[in-house]
Structure formats: structure tokens, C-alpha cells
Amino acid sequence: IQVMVDRARTELVEMEASSRRWESEARETKQDLEHTKKEMERANSNNGQLNHEVNMLKDTIARNEAQAQREYSEMVNTYEDRLKQQYNEHCKDLEHHRTLEASARRQEQQ
């Protein structure tokens, strides 16, 4: 009977030691999981912040592209207006020159 009691006590001591190891591992695992959860929360927060910054940059790019397009259109319109004005002035000069030539021919004929 004593041998059986001793064996039972030994098994109980071994089981208690095993139980303490499992509890310790469980605590470490729980701490690791909590740490991982906090890291994921930080990463999600950083990801949200980066998404916000990316969206702001996209908005800035869109505004800059629109502004560049407006400026380009204004520049093209100004250039076209200047060309039209120069063309009209050239036509007036040409017409004036033709009028002077016709007048000179008439004077020569008289």
C-alpha cells in the first residue's frame, strides 16, 4: 500500500509540475497574443493614416492636373487669339497695300 501511495504522490507531484508548466506556457501564449493584437492595432492605425495620406496626395494630384489643364487651355487660347490678331492685321496691311497699288496704277493710266 505504501508503494502505491508513494507512486500516487510521485504522479501527483509530476502532474502538478506539468500543470504549472502548462499554466506558464498558457500565460506566455496569452501575453504573446496580447502583444500581437496591440501590434496589429498599431499597424491598422498606421494603415489608416497612410490611406488618408494617399487619398490627400491623390486629391492634390487631381487639383494640380486640373490647374495645369486650365493654364494650358488659357495659354493655347491666348496664343490662338494673338495669331488671329496678327493674321487680321496682316490682312488689313495686305488690303491697304493692294489699295495703294490700285491707286498708283490708276494714276499711271491717267
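Sequential numbering from 1 along the given sequence is applied to the chain's residues. Note that the coordinates shown come from a computational prediction; the quantities given were computed from them, not determined experimentally.
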ask   = Stepwise, does the side chain to side chain contact (heavy atoms under 4.5 Å, CB included) test hold for H52 with M56?
value = CA-CA 6 Å; H52 177 69; M56 287 177 53; 3.1 Å; yes

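- No side-chain heavy atom of K92 sits less than 4.5 Å from a side-chain heavy atom of H96.
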request  = Please lay out, stage by stage, how M75 and E71 fare under the test side chain to side chain contact (heavy atoms under 4.5 Å, CB included).
outcome  = CA-CA 6 Å; M75 195 172 64; E71 290 174 4; over 6 Å; no

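- The CE atom of M4 lies 10.5 Å from the CD atom of E11; values are rounded to the nearest 0.5 Å.
- Between E95 atom CD and N88 atom CG the span is 13.0 Å, to the nearest 0.5 Å.
- Once rounded to the nearest 0.5 Å, the distance linking CG of D32 with CD of E39 reads 10.0 Å.
- Taken to the nearest 0.5 Å, the CD1 atom of I1 stands 12.0 Å off from the CG atom of D6.
- Rounded to the nearest 0.5 Å, atoms OG1 (T36) and CD (E34) are 10.0 Å apart.
- Using modelled atom types, one side-chain atom of T29 and one backbone atom of E25 make a donor-acceptor pair closer than 3.5 Å.
- In this structure, CD in E16 is found 10.5 Å from CD in E23, a value given to the nearest 0.5 Å.
- Checked by atom type and distance alone, the side chain of N55 pairs as donor or acceptor with a backbone atom of N51 at under 3.5 Å.
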key: Criterion side chain to side chain contact (heavy atoms under 4.5 Å, CB included) on S24 and R20, from CA distance to verdict   = CA-CA 6 Å; S24 175; R20 284 191 297 276; over 6 Å; no

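- Here the side chain of S18 pairs no donor or acceptor atom with the backbone of E14 at under 3.5 angstrom.
- Within the 4.5 Å cutoff, the side chain of E74 has no heavy atoms near those of the N77 side chain.
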key: side chain to side chain contact (heavy atoms under 4.5 Å, CB included) between N44 and E41, intermediate numbers included   = CA-CA 5 Å; N44 284 338; E41 288 170 352; 5.7 Å; no

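- Side-chain polar atoms of T10 and R7 form no donor-acceptor pair below 3.5 angstrom.
- Judged purely by distance below 3.5 Å, without hydrogens or angles, the side chains of Q85 and D81 never pair a donor atom with an acceptor atom.
- A donor-acceptor contact closer than 3.5 angstrom links the side chains of E101 and H97.
- Side-chain atoms of H90 and Q86 form no donor-acceptor pair, as typed in the model, at a separation below 3.5 Å.
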